[in-house]
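For reference, the structure discussed in these notes is given below.
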Amino acid sequence: MDPEDFPTPDADVESVDPETLKDRIDAGEDVTILDARMQSDYEEWRIDGENVTSINVPYFQFLDEEIDDDVLASIPDDREVTVLCAKGGASEYVAGTLAERGYDVDHLEDGMNGWARIYERVEVARYDGAGTLYQYQRPSSGCLGYLLVAGGEAAVVDPLRAFTDRYLDDADELGADLVYAFDTHIHADHISGVRDLDDEGVEGVLPANAVDRGVTYADELTTAADGDTFEVDEATVEAIYTPGHTTGMTSYLLGGSLLATGDGLFVESVARPDLEEGDEGAPDAARMLYESLQERVLSLPDDTLVGGAHFSDAAEPAADGTYTAPIGDLKADMDALSMDEDAFVDLILADMPPRPANYEEIIATNLGQHAVDDEEAFTLELGPNNCAASQESLAGD
């Protein structure tokens with residue numbers, strides 16, 4: 001149902017912008033959300049938190065003049081309630097009908113689409129390489145990226161197409177020219193921004209080992225092979241081939257201090273191995289991942305920070321607010337990293353979550369085999385990333 005098709009309630013309601021709602025949640029304020037989307041959408045993807053009370057009542061239950069008493073009874077009348085939907089139209093209507101009945105309500109501006117546009121930049125305090133390192137965080141999907149600024153130059157790792165202008169503006173704000181945009185692999189959960197940044201004069205870099213998957217634009221970008229280094233003023237970015245999640249997965253050691261691992265290793269889990277070759281190829285990919293972790297990642301100094309391309313609801317941020325952790329801490333906290341190969345493979349094949357929504361179309365788009373406009377690209381990547389091997393944290397087990 002289109003927003004303009006909803007009847008207009010007599011009561012006016014205030015809207016709350018997504019950033020303000022997130023600030024309230026981050027501050028520990030108790031927040032009550034009435035999610036008016038369909039149950040299937042709600043179960044796949046919603047706003048959660050320790051201090052968030054979330055209720056799902058689909059919007060159509062408010063369309064009748066006489067709303068069912070059980071529906072009204074499920075909605076608290078002793079506190080403020082924020083109503084949300086997909087784009088903001090249904091939530092404004094639902095909030096209006098509740099306001100007519102005396103409820104204290106507002107509604108989320110632009111709905112979950114607005115929530116998906118929140119993109120925060122947080123400094124990685126424990127980074128001790130040249131320059132300054134920031135982590136980008138997209139709370140709606142758990143996507144993470146990195147901005148390395150050294151001298152008058154900057155580089156971004158795992159940029160999102162939806163935020164192309166943001167990277168350029170941030171580099172400019174920090175007094176630097178954005179010179180490189182790196183992808184760790186062919187992503188399955190979001191549309192990469194590397195090509196769009198390359199079109200803006202930034203040198204786009206793709207893992208050399210990803211080209212054989214059918215990348216149609218490889219000749220237009222720079223490729224990074226294992227051991228290649230790139231200079232960002234006085235900082236160095238080194239490519240380290242770490243296959244497993246995909247055959248092309250390549251990590252980047254930033255300033256000798258943080259390893260941007262893509263989807264190879266997260267602070268709470270390890271990669272799922274089934275998004276390239278499916279269930280049939282997953283066991284072999286899992287063994288490849290085990291080898292990469294043991295020989296290429298965990299062999300680095302224990303104080304080397306790890307920063308993945310995603311975080312899940314099970315992840316715990318560090319003191320600086322970033323989803324990063326020293327390799328030594330991950331070795332101590334995550335039993336999966338000290339298992340033998342067979343036990344490791346059995347573990348990560350046992351509890352894989354559903355595959356990311358639209359992942360096949362997203363992969364085809366990132367390979368250059370399918371073209372989508374900006375609006376379609378944004379819509380394709382809405383929802384959780386589901387790129388880790390387990391729905392629960394493997395750290396602290």
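Quick note: residue numbers are just sequence positions, from 1. What you see is a predicted model; the values in this text were computed from it and never measured.
Side-chain polar atoms of Ser251 and Thr242 form a donor-acceptor pair below 3.5 angstrom. For Thr324 and Gln135, the side-chain atoms include no donor-acceptor pair closer than 3.5 Å. If you check the side chains of Tyr134 and Thr322, you find no donor sitting under 3.5 Å from an acceptor. For Glu268 and Ser312, the side-chain atoms include at least one donor-acceptor pair closer than 3.5 Å. Side-chain atoms of Ser192 and Asn366 form no donor-acceptor pair, as typed in the model, at a separation below 3.5 Å. With hydrogens and angles left out, the side-chain atoms of Thr20 and Asp17 include a donor and acceptor closer than 3.5 Å. Side-chain atoms of Thr222 and Glu203 form a donor-acceptor pair, as typed in the model, at a separation below 3.5 Å.
When each of Arg117, Arg138, Arg161 is paired with Glu381, the salt bridge (charged side-chain N to carboxylate O under 4.0 Å, His left out) condition holds for Arg138 and for no other. The ring-ring contact (aromatic ring centres under 6.0 Å, His included) test with Tyr323 singles out one residue from Tyr146, Phe311, Phe266, and that residue is Phe311.
Leu197 and Val194 fall into different hydrophobic clusters, defined by Ile, Leu, Val, Met, Phe, Trp and Tyr side-chain heavy atoms under 4.5 Å apart, directly or through other members. Val52 and Trp115 fall within a single hydrophobic cluster, where Ile, Leu, Val, Met, Phe, Trp and Tyr side chains are chained together by heavy-atom contacts under 4.5 Å. The hydrophobic cluster containing Phe62 also contains Ile55, counting ILVMFWY residues as joined when their side-chain heavy atoms lie under 4.5 angstrom apart, directly or transitively.
Side chain of Trp45 to main chain of Ser140: a donor-acceptor pair is present (N/O by atom type, distance under 3.5 Å, no hydrogens or angles). Gln137 contributes a side-chain N or O that, together with a main-chain N or O of Gly321, makes up a donor-acceptor pair within less than 3.5 Å. No donor-acceptor pair under 3.5 Å is formed between the side chain of Thr261 and the backbone N or O of Gly264. A donor-acceptor pair is defined here as one N or O able to donate and one able to accept, closer than 3.5 Å; no such pair exists between the side chain of Asp329 and the backbone of Pro326. The backbone N or O of Val179 lies less than 3.5 Å from no partner atom in the side chain of Asp177, so there is not a single donor-acceptor pair. Listed for the Glu276 side chain is a donor-acceptor partner under 3.5 Å among the backbone atoms of Thr247. Side chain of Gln369 to main chain of Gly214: a donor-acceptor pair is present (N/O by atom type, distance under 3.5 Å, no hydrogens or angles). Panel note: side chain Asp189, backbone Tyr359; no donor-acceptor pair is recorded below 3.5 Å. Ser141 contributes no side-chain N or O that, together with a main-chain N or O of Gly383, makes up a donor-acceptor pair within less than 3.5 Å.
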Task: Audit row: Glu200, Thr164, side-chain hydrogen bond (donor to acceptor under 3.5 Å, both in side chains) steps and yes/no - done: CA-CA 9 Å; Glu200 295 293 330; Thr164 299; over 6 Å; no

TODO: Please lay out, stage by stage, how His370 and Glu376 fare under the test side chain to side chain contact (heavy atoms under 4.5 Å, CB included).
DONE: CA-CA 12 Å; His370 179 64; Glu376 185 178 358; 4.2 Å; yes

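Shown here are the salt bridge (Lys or Arg N to Asp or Glu O under 4.0 Å) partners of Asp346, two or more places apart in sequence or in another chain: there are none. By the side-chain contact (heavy atoms from CB on, under 4.5 Å) test, Gln294 is found to be paired with Tyr290, Leu298, residues two or more places apart in sequence or in another chain being considered. Under the rule for a salt bridge (Lys or Arg N to Asp or Glu O under 4.0 Å), Arg101 has no partner lying at least two apart in sequence or in another chain. The ring-ring contact (aromatic ring centres under 6.0 Å, His included) check on His185 picks up His187, His245, with sequence neighbours excluded. By the side-chain contact (heavy atoms from CB on, under 4.5 Å) test, Asp279 is found to be paired with Asp274, Arg355, residues two or more places apart in sequence or in another chain being considered. Phe182 meets the ring-ring contact (aromatic ring centres under 6.0 Å, His included) test with Tyr180, Phe230, Tyr252; sequence neighbours excluded. Applying the ring-ring contact (aromatic ring centres under 6.0 Å, His included) rule to Tyr241 yields no partners; only residues at least two apart in sequence or on another chain are considered. Remark: Pro58 pairs with Met38, Asn56, Phe60, Gln61 by the side-chain contact (heavy atoms from CB on, under 4.5 Å) rule, at least two apart or across chains. Partners of Asp104 by salt bridge (Lys or Arg N to Asp or Glu O under 4.0 Å), not counting sequence neighbours: none found. Remark: Asp64 pairs with no residue by the salt bridge (Lys or Arg N to Asp or Glu O under 4.0 Å) rule, at least two apart or across chains. Residues forming a side-chain contact (heavy atoms from CB on, under 4.5 Å) with Tyr136 (at least two apart in sequence, or on another chain): Tyr119, Arg121, Leu147, Val156, Arg166, Tyr167, Asp170.
With values rounded to the nearest 0.5 angstrom, Tyr59 atom OH is found 15.5 Å from Glu92 atom CD. The CG atom of Leu108 lies 6.5 Å from the OG atom of Ser91; values are rounded to the nearest 0.5 Å.
Heavy atoms only, all atoms of each residue included: Asn51 and Gly28 are closest at ND2-C, 3.3 Å. Between Glu109 and Ser15 the shortest heavy-atom distance is OE1-OG, 3.7 Å. Here the closest heavy-atom approach between residue Pro207 and residue Gly248 is recorded as CB-O, 3.3 Å. For Lys331 against Leu337, the heavy-atom pair with the smallest separation is N-CD1, 4.2 Å.
A salt bridge is defined here as a Lys NZ or Arg NE, NH1 or NH2 lying under 4.0 Å from an Asp or Glu carboxylate O, and Asp263 with Arg272 fails to meet this definition. Between Glu220 and Arg195 no salt bridge is recorded (no basic side-chain N to carboxylate O distance below 4.0 Å). A salt bridge is absent between Asp128 and Arg126: the closest approach of a Lys/Arg side-chain nitrogen to an acidic carboxylate oxygen does not fall below 4.0 angstrom.
No more than 12 heavy atoms of other residues, nucleotides or ligands sit less than 6.0 Å from atom CG of Asp219. Atom CD of Gln39 sits in a sparse spot, with 12 or fewer heavy atoms from other residues, nucleotides or ligands closer than 6.0 Å. The environment of CG in Asp373 is crowded: more than 12 heavy-atom neighbours from other residues, nucleotides or ligands sit within 6.0 Å.
Within the 4.5 Å cutoff, side-chain heavy atoms of Asp106 are placed close to those of Glu80. Side-chain contact between Ile186 and Leu206: present, with at least one pair of heavy atoms (C-beta onward) separated by less than 4.5 Å.
Other residues sharing a hydrophobic cluster with Ile191 under the 4.5 Å side-chain heavy-atom criterion for ILVMFWY residues are Ile362, Val372, Leu380.
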